[in-house]
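Okay, structure first, notes after.
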Amino acid sequence: MNPTIYKQIYEIIRLIPSGKVATYGQISEIVGYCTARMVGYAVSSIPLSSVIPWQRVINYKGEISLRSSGSGGELVQQKLLESEGVKSDQSGRTDLEQYRWEGE
DNA sequence: CGGCTGACTCTGG
DNA sequence: TCCAGAGCCAGCC
């Protein structure tokens, strides 16, 4: 059971319930044999049309990361999280202590 | 087949 | 509280 690290990362992200968020490091620990970077790179490869709630995946600071290109996806992602009940402060940081997904 | 790129994370100042 | 540097591995051309 190891098609590709990316595939497994997608599976984990898909398990994240609404109203909760997970950090790249959190997911990397759940997968077990990949680093936080792999998660970030994998998530970046996720198409916006995917069924994967990549919007719930944020960095360890609780902030939304954006690879590059001013596609403005940052605001979209933050809006999606807010729509699920995940509020962020003026700095755009999410309270991980409150919304962090503990996993199952 | 070889090399480059990339939504990250942590410690110290 | 904010800024900067170092470590790491899988996919793609």
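Residue numbers start from 1 in every chain, and the chains themselves are labelled A, B, ... in the order their sequence lines are given, proteins ahead of strands.
Within the 4.0 angstrom heavy-atom criterion, no nucleotide atom of any strand lies near A:Ser45.
Under the side-chain hydrogen bond (donor to acceptor under 3.5 Å, both in side chains) criterion, A:Thr35 pairs with no residue, sequence neighbours left out. With sequence neighbours excluded, the residues that form a side-chain hydrogen bond (donor to acceptor under 3.5 Å, both in side chains) with A:Glu11 are A:Arg14. With sequence neighbours left out, A:Ser83 forms a side-chain contact (heavy atoms from CB on, under 4.5 Å) with no residue at all. Residues passing the side-chain contact (heavy atoms from CB on, under 4.5 Å) test with A:Lys87, sequence neighbours excluded: A:Glu82, A:Tyr99. Every side-chain hydrogen bond (donor to acceptor under 3.5 Å, both in side chains) that A:Ser65 has, sequence neighbours left out, goes to A:Asn59.
Base pairing in DNA chain C gives the following stems of 3 or more Watson-Crick or G-U pairs, range against range and under 3.5 Å: B:2-6 with C:9-13, B:8-13 with C:2-7.
Here the P atom of nucleotide B:dG6 and the CE atom of A:Met38 are 13 Å apart, to the nearest Å. As rounded to whole Å, 13 Å separates atom C1' of B:dG6 from atom CG of A:Leu66. What separates CG of A:Asp89 from C1' of C:dC2 is a distance of 15 Å, to the nearest Å. Counting to the nearest Å, the P atom of C:dG11 and the CD atom of A:Gln8 are 11 Å from each other. Taking atom CD1 of A:Ile27 as the reference point, atom P of B:dT9 lies 9 Å away to the nearest angstrom. Atom C1' of nucleotide B:dT9 and atom OH of A:Tyr41 are separated by 10 Å, given to the nearest angstrom. When rounded to the nearest whole Å, the span between CD of A:Glu63 and C1' of B:dC10 equals 18 Å. Put simply, NZ on A:Lys61 is 11 Å from P on C:dA4, counting in whole angstrom units.
A heavy atom lying under 4.0 Å from DNA chain B marks the following residues of residues 16-25 of chain A, by number: A:Thr23, A:Tyr24, A:Gly25.
Across B:dC8, B:dT9, C:dG11, the shortest atom-to-atom separation from the side chain of A:Thr4 is found for C:dG11. In the set C:dC9, C:dC2, B:dG6, C:dC9 carries the atom at the smallest distance from any side-chain atom of A:Thr35. For A:Arg93, whose side chain is taken as the heavy atoms from C-beta onward, the closest listed nucleotide among B:dC8, C:dC2, B:dG6 is C:dC2. Of the candidate nucleotides B:dC8, B:dG6, C:dA10, B:dC8 has the atom nearest to the side chain of A:Ser65.
Sequence neighbours left out, not one pair with a member in residues 22-32 of chain A passes side-chain hydrogen bond (donor to acceptor under 3.5 Å, both in side chains). The stretch residues 88-97 of chain A participates, sequence neighbours left out, in these side-chain hydrogen bond (donor to acceptor under 3.5 Å, both in side chains) pairs: A:Gln78-A:Ser88.
Within the model, atoms CD1 of A:Ile16 and CD1 of A:Ile13 stand 6.0 Å from one another, a figure rounded to the nearest 0.5 Å.
Comparing A:Tyr6 and A:Gln26, the nucleotide of DNA chain B nearest to each residue sits closer to the 5' end for A:Tyr6.
Of the possible polar contacts, none joining the A:Gln55 side chain to the A:Gln77 backbone as a donor-acceptor pair under 3.5 Å is found.
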